[in-house]
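As structure tokens, the structure follows; a few thoughts come after it.
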There are 2 protein chains.
Amino acid sequence: MPGDSMPRIADPALPERRRAQILEAARACFQEHGFRQTTIEEVCAQARISPGALYRYFAAKADIVAAIALDARSDAEAALDRLNGAAQLIDGLTELAHAFFAACDNNREAALIGDVWAEAAHDPLLAKALSERAKTTTARIAAAINHAQRDSEIYPALASAEAAEILMAALDGMALRRAIFWEGPAELARRFRLLALHILKPKR
Amino acid sequence: MPGDSMPRIADPALPERRRAQILEAARACFQEHGFRQTTIEEVCAQARISPGALYRYFAAKADIVAAIALDARSDAEAALDRLNGAAQLIDGLTELAHAFFAACDNNREAALIGDVWAEAAHDPLLAKALSERAKTTTARIAAAINHAQRDSEIYPALASAEAAEILMAALDGMALRRAIFWEGPAELARRFRLLALHILKPKR
DNA sequence: ACCTGAACACCGTTCAAGT
DNA sequence: ACCTGAACACCGTTCAAGT
């Protein structure tokens with residue numbers, strides 16, 4: 001009906017904007033002091049919003065780390081895309097690993113990794129989401145391995161799915177250890193390359 | 001001086017007993033509900049002790065997980081001892097991995113792993129302690145690899161220290177993923193064996 | 001010397017009240 | 001429809017008082 005009532009929604013884009021605003025503030029705080037040590041009040045101050053408003057967009061503090069964890073898509077996706085184009089599979093994988101390790105370089109984003117795993121261990125929904133993402137990633141890497149095998153760039157020594165799973169597990173393990181033992185991304189990338197070489201046995 | 005005064009220490013073994021009592025109770029609680037979700041009050045109830053008494057033996061809740069993490073020595077040490085005796089290095093490593101994965105089988109000890117890493121990322125003392133232990137473990141595995149190389153059981157394809165680091169990182173990564181993605185210990189041990197085979201290239 | 005348990009401080013979450 | 005900020009509930013930690 002024309003000339004009906006007041007607008008039902010003031011700004012349809014607002015909710016998404018608020019969520020982004022909160023996530024950015026939270027990411028900054030968490031990286032600085034860690035998930036547990038950061039208080040909701042600090043996040044609110046950083047985001048210039050009140051607690052009441054924050055809880056309008058996130059049901060709990062844990063949901064905020066979960067959202068951050070799932071947001072780390074973009075970089076990883078981009079690196080995976082480059083992988084499909086890489087003539088040299090090993091080089092592509094090494095670059096992927098290096099990007100992964102370097103992402104948590106100067107800032108303390110590495111510390112967040114542990115928090116996210118810890119959270120996931122007690123939050124089935126986050127666990128499920130991470131699991132899905134891991135499955136996708138592994139599948140894409142397996143596909144790249146298959147591709148390289150068809151081009152006879154590497155020996156078909158191992159089922160590609162299995163090789164991909166092993167590589168991803170090692171990547172996660174190295175990233176975690178990086179957060180605690182403070183090894184450099186370059187050193188870790190070199191080590192990952194060594195691993196990939198031995199698992200995938202490239203010809204020449 | 002004889003017939004001096006009251007005994008200065010009622011029972012010299014008491015402190016250690018109390019610590020053990022608290023750690024056992026805490027371990028049970030943490031495995032059941034996770035570190036964060038467990039309250040000090042619950043640990044106290046389980047240990048049949050008051051909060052005040054607990055804080056006489058641990059300065060903070062975080063110190064309790066730290067102690068638990070560092071207590072996981074015994075099993076690992078035993079497995080490492082068996083490793084030095086293993087004629088077949090690969091078999092020994094696989095057994096080590098299987099023991100590691102199976103330790104957190106039915107119970108939810110796996111969930112604790114994430115908590116410990118998260119804690120370590122923000123607790124330099126725990127990080128240091130874990131780092132020391134990792135260094136020792138890696139050195140022992142590297143020694144076992146050297147030994148097997150001298151017996152020409154495996155090809156000297158890779159510096160033993162580097163191979164050991166890669167294997168340990170993968171082990172940690174697989175254990176973590178196990179806590180979230182619920183893969184079986186047997187499957188993971190099989191995958192780890194595959195990895196070890198490719199990294200260490202045994203002869204025959 | 002060791003313990004108890006009430007009290008304190010802090011922080012995640014809610015909700016009545018505003019616009 | 002969206003926000004504020006005071007209030008609530010919960011839990012880690014402390015401490016005065018007991019034995």
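All chains are named by letter (A, B, ...) in the order of the sequence lines, taking the proteins before the strands, and each is independently numbered beginning at 1. Bear in mind the structure is a predicted one, so any value in this text is a computation, not a measurement.
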When the side chains of residues 16-26 of chain A are checked against the rest of the protein, which donor-acceptor pairs come out under 3.5 Å, sequence neighbours left out?
{"from": "R17(A)", "atom 1": "NH1", "to": "D11(A)", "atom 2": "OD2", "distance (Å)": "2.9"}
{"from": "R18(A)", "atom 1": "NH1", "to": "Q21(A)", "atom 2": "OE1", "distance (Å)": "3.1"}
{"from": "R19(A)", "atom 1": "NH1", "to": "Y57(A)", "atom 2": "O", "distance (Å)": "3.4"}
{"from": "Q21(A)", "atom 1": "NE2", "to": "A47(A)", "atom 2": "O", "distance (Å)": "2.8"}

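- In terms of the ring-ring contact (aromatic ring centres under 6.0 Å, His included) criterion, residue partners of F35(B) (sequence neighbours excluded) are, by chain and number, F30(B).
- The side chain of R56(A) lies closest to dC2(D), out of dT4(D), dC2(D), dC3(C).
- In terms of the side-chain hydrogen bond (donor to acceptor under 3.5 Å, both in side chains) criterion, residue partners of D172(B) (sequence neighbours excluded) are, by chain and number, R177(A).
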At under 4.0 Å between heavy atoms, how does the protein contact nucleotides 8-13 of chain D? Give one character per nucleotide, 5' to 3', with B, S or -. ---SSB
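- One interatomic measurement links the two molecules: CG of L54(B) to C1' of dT14(D), which rounds to 13 Å at whole-angstrom precision.
- Shown here are the side chain to side chain contact (heavy atoms under 4.5 Å, CB included) partners of K128(B), two or more places apart in sequence or in another chain: E132(B).
- In this structure, R18(B) atom CZ and dA1(C) atom P are separated by 16 Å, rounded to whole Å.
- Contacts of N84(B) classified as side-chain hydrogen bond (donor to acceptor under 3.5 Å, both in side chains), with partners at least two apart in sequence or in another chain: none.
- Side-chain proximity of I49(A) to the nucleotides dC2(C), dT4(C), dT4(D) is greatest for dT4(D).
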Tell me, what's DNA chain D's dot-bracket, Watson-Crick or G-U with both distances under 3.5 Å, | for other-strand, [ ] crossing? ||.|||||...|||||.||
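- A donor-acceptor pair is defined here as one N or O able to donate and one able to accept, closer than 3.5 Å; such a pair exists between the side chain of T94(B) and the backbone of I90(B).
- At the heavy-atom level, F58(B) lies nowhere under 4.0 Å from the strands shown.
- The side-chain hydrogen bond (donor to acceptor under 3.5 Å, both in side chains) analysis of residues 158-170 of chain B, with sequence neighbours excluded, yields the pairs R190(A)-E162(B), R191(A)-E165(B), N146(B)-S160(B).
- Nucleotide dC3(D) holds its P atom 10 Å from the CG atom of D11(A), rounded to whole Å.
- Residues passing the salt bridge (charged side-chain N to carboxylate O under 4.0 Å, His left out) test with R82(A) are E95(A), sequence neighbours excluded.
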